[in-house]
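First the structure, in the form of structure tokens, and then the observations on it.
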Amino acid sequence: MSRLSKLYDAIETLRKEGVSTDDLEKKVSQAEEDIIKKEILPILTQNIEPALQQVKRELVLVVDYQPGQRYKRPLKP
């Protein structure tokens, strides 16, 4: 189980037990962001980089991710 999954499970467990997480929201959000930066983004970079090797100009890639929804928008150059 990843650190991000463990974080989500811990928060869900607290909520199910009726524990208010309001005072933890800022800390949880920061922890989530740190995990994404340190663990998820490197994986994405590693997987995307081979496909981008053929691009010979600067490119800004933006990922619009909404959990539970499939990506439906066409990519625009």
Side-chain angles (χ1 to χ4, degrees):
M1 180 180 284
S2 73
R3 289 179 58 220
L4 195 56
S5 295
K6 289 178 183 178
L7 177 65
Y8 293 149
D9 287 348
I11 294 302
E12 186 63 29
T13 299
L14 289 172
R15 289 179 180 151
K16 282 181 182 177
E17 295 299 322
V19 177
S20 173
T21 57
D22 293 343
D23 57 331
L24 295 175
E25 291 299 325
K26 187 174 180 179
K27 290 180 181 181
V28 168
S29 181
Q30 184 62 49
E32 180 182 38
E33 190 172 317
D34 288 345
I35 293 169
I36 290 169
K37 283 180 182 177
K38 292 177 183 174
E39 296 180 16
I40 305 301
L41 290 180
I43 292 169
L44 289 174
T45 300
Q46 187 176 20
N47 287 316
I48 292 170
E49 192 172 22
L52 295 177
Q53 291 292 324
Q54 60 190 331
V55 178
K56 297 190 184 266
R57 66 178 188 94
E58 279 192 31
L59 175 70
V60 175
L61 183 64
V62 177
V63 178
D64 181 12
Y65 175 71
Q66 297 175 4
Q69 295 184 6
R70 297 185 75 189
Y71 188 76
K72 297 177 183 175
R73 292 184 215 149
L75 297 176
K76 297 179 183 178

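Applying the salt bridge (Lys or Arg N to Asp or Glu O under 4.0 Å) definition to pairs two or more places apart or across chains, none involves residues 41-52. Applying the side chain to side chain donor-acceptor pair (under 3.5 Å) test to residues at least two apart or on different chains, the pairs with a partner in residues 28-42 are R3-E39, Y8-E32, Q30-D34, E33-K37.
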Determine, step by step, whether V60 and E58 satisfy the side-chain contact (heavy atoms from CB on, under 4.5 Å) criterion, reporting the C-alpha distance in whole Å, the side-chain angles of both residues, the deciding distance to 0.1 Å, and the verdict.
CA-CA 7 Å; V60 175; E58 279 192 31; 6.0 Å; no
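A distance of 8.5 Å separates CD1 in I40 from CD1 in I35, rounded to the nearest 0.5 Å.
With sequence neighbours excluded, the residues satisfying side-chain hydrogen bond (donor to acceptor under 3.5 Å, both in side chains) with T21 are R15, E25. Taking the side-chain hydrogen bond (donor to acceptor under 3.5 Å, both in side chains) definition, one finds that S5 meets it with S2, sequence neighbours left out. Judged as a side chain to side chain contact (heavy atoms under 4.5 Å, CB included), and not counting sequence neighbours, the contacts of L52 are I48, V55, L59.
With a 6.0 Å radius and a threshold of 12 heavy atoms from other residues, nucleotides or ligands, Q53 has its CD atom above the threshold.
Between L24 and L14 there is a side-chain heavy-atom pair separated by less than 4.5 Å.
In this structure, V63 shares a hydrophobic cluster with Y65, the cluster being traced through Ile, Leu, Val, Met, Phe, Trp and Tyr side chains under 4.5 angstrom apart.
Here the shortest heavy-atom pairing between I36 and P42 reads O-CD, 4.3 Å.
Following chains of ILVMFWY side-chain contacts shorter than 4.5 Å, one can reach V28 starting from V19, so the two form part of one hydrophobic cluster.
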